[in-house]
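All figures in this text were calculated on a predicted structure; none of them were measured in a lab. Below, read A as the first sequence line, B as the second, and so on, with proteins coming before strands; counting in each chain starts at 1.
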Amino acid sequence: MQPVVVPEPDGVVRVVGVGLPGHERRVAMGKLAAVVREAETAAAARPRWTWDDTNRWYPALLSAGVRVERSLDLRLAHRILRQSALVTWPEPDAAQPGRWDGMPPAPLGAGDRDEPAPLFADLVSADVPEPDPVAELQVQNAAVAASPAAGRLRLLVAAESAGALAAVEMYHAGLPWRADVHDAILTEILGPRPRGTERPARLEQLAARIRAALEAPDSLNLDSPGDLLKALGYAGVGARSLRKWELERLDHPVIEPLLEYKSLYRLLTANGWGWVDAWVHGGRFRSEYIVGGVVTGRWASRGGGALQIPKSVRRAVVADPGWTFVVADAAQLEPRVLAAMAGDETMAAAGRGTDGRGADMYAGIVASGAVATRELAKVGMLGAMYGGTTGSSAQVLPRLAKAFPRSLAFVDEAAQAGERGEIVTTHLGRSSPPPGATWHELQAGAYQDDAGESAAAKARSYTRSWGRFTRNFVVQGTAAEWALCWTASIRRRLWALGEAPDAAGGVVPEPFSARPHLALFLHDEVVIHTPTSMAEAVADEVRAAAGEAGELLFGDFPVRFPLSITVANCYADAK
DNA sequence: ATTAAAAGCCAC
DNA sequence: AAACGTGGCTTTTAAT
């Protein structure tokens with residue numbers, strides 16, 4: 001059963017029961033939740049709600065306490081299929097880019113969720129035809145069916161859509177955040193919150209020490225990089241830039257207070273009191289996830305920087321009373337994904353380790369005899385996946401290439417394809433964008449008769465850079481696919497666990513008020529907020545979900561995806 | 001006055 | 001180590 005949700009004028013929604021001829025209902029927007037709730041609870045086979053944009057429809061359903069099991073996000077699916085080298089998209093569409101191309105997701109948290117979603121024509125210029133989700137679904141189905149990789153593409157589209165559900169649910173539930181604890185952290189590190197725009201006490205003290213060490217006047221503005229760099233020059237410090245790693249190499253009395261000043265200044269500006277005021281409300285931090293927002297298929301975020309919460313403030317992430325966190329992260333996800341997609345039995349075996357569990361793949365690589373230390377295994381593998389050409393990373397690459405020829409050849413081939421200007425594709429079928437105008441211009445310029453040395457060098461540099469991109473794309477993108485499947489499985493399993501009989505009433509909103517729910521997603525890590533009594537069951541499901549994700553992507557290929565799991569009341573205590 | 005770019009640091 | 005991937009965000013500075 002695949003109902004398609006079609007917006008109509010005047011706040012009316014048409015629900016078309018695809019697969020059920022003649023079944024079609026027109027309801028007011030406000031009644032949609034009741035229709036969905038009924039179908040979710042009554043149907044033997046869970047419906048796959050099909051709509052233009054999960055962000056547009058799901059928030060209102062969740063606000064009404066209605067949770068959806070399955071969906072198809074046509075906007076996200078379109079983007080994947082349109083770009084995929086494994087799909088031949090019907091040509092007439094290409095001549096008329098419209099609703100489904102380049103459309104950003106509806107923003108979350110804007111306006112009243114009970115209001116009808118605006119029609120496309122109200123959002124974009126009127127000469128673009130109003131989209132037809134039913135027609136789009138048919139085009140997508142035909143395109144997928146005609147692909148030699150139909151199975152993988154179906155999985156990818158389903159996983160992406162489930163990710164969209166999870167993303168909206170995480171926004172709905174929010175990440176528990178104690179503003180009072182955050183304030184205590186800031187006060188401890190920076191001093192009490194100053195009035196207005198004054199510097200906190202600790203920063204002021206450091207500023208005085210820095211000026212003294214530089215013999216600079218009080219008028220020196222430390223927050224002006226240009227002025228500060230000049231002052232460092234006058235004092236003979238010898239800094240070419242203000243980068244931390246560069247300053248760390250210098251020997252001068254100003255370095256220590258300056259580094260601390262920069263660190264504290266960063267905390268103040270990025271995650272200080274102003275951040276709490278802007279992003280923490282009602283004990284929750286809500287940041288919007290942009291599913292597939294990164295070119296590789298990773299998620300991006302908007303508002304508050306959910307994907308870059310610094311370790312220094314994670315102590316403010318505290319579970320509600322009677323609740324706790326299950327924090328799980330996939331150990332060495334990317335090299336394991338590489339081993340699997342390259343069909344590298346040797347590297348997969350290193351990932352299983354000597355005990356068959358293989359919690360640490362880098363230790364397994366050392367045990368295999370390929371390299372001497374864990375650190376070398378790590379930087380070597382990262383170098384292979386990022387395209388490192390220097391340092392200790394490059395030094396161990398030949399040894400890794402000898403020990404694991406299939407994996408290393410796999411990423412090398414992706415890099416070479418990119419250098420040739422070709423498209424590369426992830427395991428499930430997400431393709432890289434073709435190289436842009438710059439690539440073509442530089443290629444053309446380098447081969448002209450009068451092309452100078454510098455034009456050729458520039459072209460070479462850009463070409464290699466694009467090769468590093470495609471090299472990384474296949475690994476990062478496939479890891480993102482694993483993470484999507486993992487997350488999709490987790491959210492389904494968490495729901496199946498049901499309600500905690502003893503859940504403390506709190507601020508967790510319906511439909512999750514007594515249920516474990518996803519609270520944070522970080523590429524290869526999830527944080528689940530759960531009634532304490534269910535924590536062990538949650539941990540088991542998260543582990544099972546990792547196994548399921550591995551099987552979905554790689555079948556019975558013997559690759560393991562071990563997790564490191566912590567149960568803790570505070571995010572800072574994880575790991 | 002608004003916008004864009006650059007520099008820098010945070011996360012994975 | 002800082003010569004290798006993907007981003008978001010904040011501030012300063014330059015450009016329009």
Side-chain angles (χ1 to χ4, degrees), chain A residues 197 221-230 239-249 258-272 274-275 278-279 287-314 329-335 337-338 375-376 378-397 411-412 414-415 418 424 426 430 432-433 461 464-480 482-483 520-527 571 575:
Chain A
T197 58
N221 179 10
L222 296 184
D223 302 334
S224 165
D227 294 357
L228 179 56
L229 198 54
K230 266 184 226 158
R240 298 206 320 277
S241 77
L242 297 175
R243 290 183 187 90
K244 188 170 69 173
W245 57 263
E246 194 163 326
L247 293 175
E248 277 167 351
R249 298 162 40 155
L258 179 55
L259 286 173
E260 192 177 356
Y261 180 91
K262 283 164 62 73
S263 165
L264 268 50
Y265 182 75
R266 162 83 192 184
L267 173 63
L268 173 69
T269 55
N271 294 98
W275 182 90
W279 299 112
S287 180
E288 186 177 337
Y289 291 103
I290 316 290
V291 174
V294 177
V295 64
T296 57
R298 269 189 178 185
W299 292 10
S301 73
R302 180 163 56 205
L307 298 177
Q308 22 169 157
I309 298 166
K311 299 214 161 61
S312 56
V313 299
R314 292 184 179 184
D329 83 280
Q332 304 94 38
L333 175 59
E334 292 193 346
V337 160
L338 170 58
E375 194 53 30
L376 281 177
K378 182 177 175 179
V379 299
M381 284 310 299
L382 291 176
M385 293 182 294
Y386 290 165
T389 55
T390 58
S392 52
S393 156
Q395 275 178 25
V396 296
L397 274 180
V411 283
D412 279 347
V424 296
T426 61
R430 194 189 306 261
S432 67
S461 161
R464 293 216 174 113
S465 165
W466 194 259
R468 287 193 297 274
F469 164 62
T470 53
R471 168 192 293 270
N472 187 248
F473 183 95
V474 293
V475 180
Q476 187 182 116
T478 304
W482 182 91
L520 184 69
F521 171 86
L522 288 177
H523 306 307
D524 60 358
E525 173 179 346
V526 292
V527 176
Y571 186 27
K575 284 189 270 194

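No contact: A/Ser263 has no heavy atom under 4.0 Å from any strand. Residue A/Tyr265 is in sugar-phosphate contact alone, with no base atom involved, counting any heavy-atom pair closer than 4.0 Å across all strands shown. Counting any heavy atom pair closer than 4.0 Å across all strands shown, A/Arg471 reaches no nucleic acid atom. Residue-level contact check: A/Arg249 touches the backbone only, with heavy atoms under 4.0 Å from sugar-phosphate atoms and none from bases. Within the nucleic acid shown, A/Gly304 comes within 4.0 Å of sugar-phosphate atoms alone, with no base atom in reach, counting heavy atoms only. Using a 4.0 Å heavy-atom distance criterion, A/Arg468 is classed as a sugar-phosphate-only contact. Backbone-only contact: A/Asp223 has heavy atoms under 4.0 Å from sugar-phosphate atoms and none from a base. As judged by a 4.0 angstrom heavy-atom cut-off over every strand, A/Leu333 is placed among residues making no nucleic acid contact. As judged by a 4.0 angstrom heavy-atom cut-off over every strand, A/Gly391 is placed among residues making no nucleic acid contact. Counting any heavy atom pair closer than 4.0 Å across all strands shown, A/Arg266 reaches a base atom. Across all strands shown, A/Val295 has heavy atoms under 4.0 Å from sugar-phosphate atoms exclusively, and none from any base.
Taking atom CG on A/Leu242 and atom C1' on C/dA2, their separation rounds to 16 Å, with Å as the unit. The distance from atom CD of A/Gln308 to atom P of C/dG8 is 8 Å, rounded to the nearest whole Å. Taking atom OH on A/Tyr386 and atom C1' on B/dA11, their separation rounds to 11 Å, with Å as the unit. Whole-Å rounding puts the A/Leu307 CG to B/dA11 P distance at 12 Å. For the pair A/Tyr289 OH and B/dC12 C1', the interatomic distance rounds to 12 Å; values are reported in whole Å. Atom pair A/Leu247:CG and C/dA1:C1' shows a separation of 16 Å (rounding to whole Å applied). In this structure, A/Leu258 places its CG atom 10 Å from P of B/dC9, rounding to the nearest Å. If you measure from atom CD of A/Glu525 to atom C1' of C/dG7, you get 16 Å, rounded to the nearest angstrom.
The backbone N or O of A/Gly467 sits less than 3.5 Å from a side-chain atom of A/Thr470, completing a donor-acceptor pair. Of the possible polar contacts, none joining the A/Lys244 side chain to the A/Lys262 backbone as a donor-acceptor pair under 3.5 Å is found. No donor-acceptor distance shorter than 3.5 angstrom exists from the side chain of A/Ser301 to the backbone of A/Gly305, with no hydrogens or angles considered. Between the side chain of A/Trp299 and the backbone N or O of A/Val294, no donor-acceptor pair lies under 3.5 Å.
A salt bridge links A/Glu334 to A/Arg298: one of the charged nitrogens lies within less than 4.0 Å of a carboxylate oxygen.
Looking at which nucleotide of DNA chain C each of A/Asp227 and A/Ser287 is closest to, the 5′-most match is held by A/Ser287.
Using a 4.0 Å cut-off, no side-chain N or O of A/Lys262 falls inside it from OP1 or OP2 of B/dG8. When the side-chain nitrogen and oxygen atoms of A/Lys244 are compared with OP1 and OP2 of B/dA7, none of them lie within a distance under 4.0 Å. Contact annotation: A/Ser301 does not reach the phosphate of C/dG8 (side-chain N/O to OP1 or OP2, under 4.0 Å).
As rounded to the nearest Å, B/dA5 and C/dC4 have C1' atoms that lie 24 Å from one another.
Between A/Leu338 and the options A/Leu333, A/Val474, A/Val411, A/Thr478, a side-chain contact (heavy atoms from CB on, under 4.5 Å) holds for only A/Val411.
Here the nucleotide nearest the side chain of A/Ala300, chosen from B/dC10, C/dG7, C/dT13, is C/dG7. Considering only the side chain of A/Arg314, B/dA11 comes nearest among B/dA11, C/dG5, C/dT13.
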